[in-house]
2 protein chains.
Amino acid sequence: MKSNKEEKPYDVSRYRTPDGYTSDIAVFTITSEKTKAYAPPKMELKLMLIKRAEQDTEGNLNIEAGKWALPGGFVTPEETAMEAASRELEEEMGIAGIHLKHFGVYDEPGRDPRGWIISNAHYAIVPEHRLFERKANDDAAEVELFPVQDLEQHLLAFDHASIIRHAITHITRDLLQTTVAKQFLPELFTYSELQAVLLTITDDKAIQNEQAFARKIKTLPFIEAVEGQKTQRTSKLPTQLYRFIDAELKQSIYTARH
Amino acid sequence: MKSNKEEKPYDVSRYRTPDGYTSDIAVFTITSEKTKAYAPPKMELKLMLIKRAEQDTEGNLNIEAGKWALPGGFVTPEETAMEAASRELEEEMGIAGIHLKHFGVYDEPGRDPRGWIISNAHYAIVPEHRLFERKANDDAAEVELFPVQDLEQHLLAFDHASIIRHAITHITRDLLQTTVAKQFLPELFTYSELQAVLLTITDDKAIQNEQAFARKIKTLPFIEAVEGQKTQRTSKLPTQLYRFIDAELKQSIYTARH
DNA sequence: TTAACAATTAACATAATGTTAATTAAAAGG
DNA sequence: CCTTTTAATTAACATTATGTTAATTGTTAA
């Protein structure tokens with residue numbers, strides 16, 4: 001139980017208050033493997049996890065030591081949970097200005113043995129090349145990228161296994177139903193690069209089909225072809241580049257094809 | 001979360017902790033007005049608000065008195081914010097077992113003058129007839145249903161104006177992109193009843209068009225016609241009844257029509 | 001010079017949609 | 001009993017989008 005509260009005009013001291021307020025971040029990246037020159041890359045969605053140290057800097061036994069966990073930390077009263085997530089990404093990984101989205105609150109009694117601790121879960125999207133910056137800043141902490149498919153088998157701290165399942169659900173849905181895929185792509189991209197991003201999380205036949213997808217991309221209201229801009233990074237034949245544009249998405253399951 | 005360098009096992013006392021943890025609930029209902037017999041109803045989406053009392057039960061001046069506010073209250077350490085929302089709906093309104101969805105965290109420093117108070121926002125869907133139950137339980141609290149269009153002009157407590165805007169955004173999106181519309185409808189419903197629910201929040205031409213919508217509903221994978229079940233509540237001609245069924249929704253903006 | 005290949009275009013059958021009109025079944029009023 | 005009214009349903013047809021298969025293009029590299 002939290003201790004002595006000072007007298008305040010509006011007294012809330014009769015209520016028990018939480019023992020801590022934290023932010024956790026599921027950091028996703030897509031690794032892009034070039035199988036050969038002049039061909040589209042093979043992409044894979046991965047999640048970054050940290051292995052909790054056996055003991056802290058003062059030599060005390062660490063809670064949930066040796067288990068894999070999401071990066072995160074305590075929120076201060078001068079910031080929001082989202083700002084704390086952003087700050088921690090910058091402090092711990094040296095990466096600033098990246099896309100963050102809140103997707104859940106974890107406040108199940110007993111979820112953290114240290115007390116009544118409420119956690120806000122966010123996912124972050126870090127382009128692969130920004131992760132390499134991190135290597136420079138890297139202290140001793142053990143960090144690893146895991147393909148999202150084989151996360152189940154690892155031993156995870158606290159309720160992070162559950163948080164990670166939800167994170168994957170949310171990023172998958174957002175990739176298909178919002179334009180967040182742009183966070184994984186350069187400003188200008190080819191149809192096959194966008195297709196490769198989407199195929200990391202779906203096996204939709206209409207997205208797998210090259211001709212259909214190349215035809216469709218030209219009609220999407222939130223993507224435009226950039227006139228005169230071509231690249232050869234995915235093909236010998238100079239290939240049209242596209243970019244995302246702001247457009248209202250108001251589609252519904254009642255009007256979509258199924 | 002990451003093994004924090006400053007952290008000692010099971011000791012979180014060095015961190016400042018929140019002064020309170022609350023749940024707020026945006027209670028939505030759709031009022032259904034029968035213009036005449038044997039015709040579909042006119043529906044309107046409304047939000048229930050409570051007028052904050054001038055003083056509390058002990059006679060002290062109440063904070064944000066006289067302003068309209070979302071129902072809600074403090075979360076206890078033995079429950080989640082979602083469970084607290086459910087409990088408060090039952091305690092304050094006498095309505096149990098209704099659909100609740102979490103849609104946001106409000107933790108901006110200074111949002112509540114009483115201190116560092118974190119609020120979880122949920123929306124609830126209460127069928128109109130369940131609200132009449134409430135009247136019986138009603139104590140002195142002033143309660144009113146507001147059409148979602150003309151909420152802007154009212155004086156709202158704390159940051160509830162902002163929370164309400166987000167609630168409307170979320171329920172609108174969920175009505176179009178999930179099967180949550182079923183929470184506003186009886187188990188069996190006609191195409192025009194479903195259409196009326198959707199038209200409370202969209203002006204999509206494809207949903208406005210009777211013929212197109214009546215034809216489309218038969219092909220939706222998450223709705224089935226109930227053989228031999230007809231009603232005359234919306235028409236003299238006995239009308240086919242439908243129900244929602246569980247079905248995986250995996251549509252994407254990249255394959256939908258635009 | 002030619003083989004290889006991703007991107008692009010073409011062609012066509014099939015499916016879904018927008019639109020307009022006709023038909024149906026029951027109620028209500030004379 | 002007959003007629004009008006009305007929401008639901010069906011029909012019909014032009015238009016548009018999609019699935020599929022095949023051909024063409026522009027470039028690299030052997």
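Under the 3.5 Å distance criterion, with hydrogens and angles disregarded, a donor-acceptor pair is assigned to the side chains of A:Lys46 and A:Thr31. Using modelled atom types and a 3.5 Å distance limit, the side chains of A:Asn120 and A:His102 yield a donor-acceptor pair. Using modelled atom types and a 3.5 Å distance limit, the side chains of B:Tyr123 and B:Asp174 yield a donor-acceptor pair. Residues A:Thr172 and A:Thr169 bring no donor and acceptor atom of their side chains to less than 3.5 Å of each other.
Protein atom NZ of A:Lys34 is 15 Å distant from nucleotide atom P of C:dC5, rounded to whole Å. Per the geometry, CZ belonging to A:Phe213 stands 17 Å off P belonging to C:dA6, to the nearest Å. One interatomic measurement links the two molecules: CD of B:Glu210 to P of C:dA22, which rounds to 18 Å at whole-angstrom precision. Across the protein-nucleic acid pair, A:Leu220 atom CG and D:dA17 atom P stand 12 Å apart, rounded to whole Å. Rounded to an integer number of Å, the gap from A:Leu241 CG to C:dA6 P is 18 Å. Computed from coordinates, the A:Lys42 NZ to C:dA6 C1' distance equals 12 Å when rounded to whole Å.
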Legend entry - Nucleotide-resolved protein contact map, nucleotides 14-21 of chain C, B/S/- at heavy-atom distance under 4.0 Å: --SBBBBB
Inset, instruction - Determine, for nucleotides 25-30 of chain D in 5'-to-3' order, which nucleotides have protein heavy atoms under 4.0 Å from the base (write B), from only the sugar-phosphate (write S), or from neither (write -). - result: BSBBS-
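Of the side-chain N and O atoms in A:Thr234, one or more sit less than 4.0 angstrom from OP1 or OP2 of C:dA7. Considering only side-chain N and O atoms, A:Lys218 lies under 4.0 angstrom from the phosphate OP1 or OP2 of C:dT9. Residue A:Thr239 places none of its side-chain N or O atoms closer than 4.0 Å to OP1 or OP2 of C:dT8.
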Inset, instruction - Under the side-chain hydrogen bond (donor to acceptor under 3.5 Å, both in side chains) rule, what do A:Asp24 and A:Tyr106 come out as? Steps first, then yes or no, please. - result: CA-CA 10 Å; A:Asp24 289 315; A:Tyr106 294 83; over 6 Å; no
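Ring pair A:Phe184/A:Phe28: centre-to-centre distance not below 6.0 Å.
The two residues B:Lys216 and A:Ala256 have their closest heavy-atom pair at NZ-O, 2.8 Å.
We find the CD-CD1 distance between A:Gln251 and B:Ile253 to be 7.0 Å, quoted to the nearest 0.5 Å. A distance of 11.5 Å separates CG of A:Leu45 from CE of A:Met43, quoted to the nearest 0.5 Å.
Counting any heavy atom pair closer than 4.0 Å across all strands shown, A:Lys230 reaches no nucleic acid atom.
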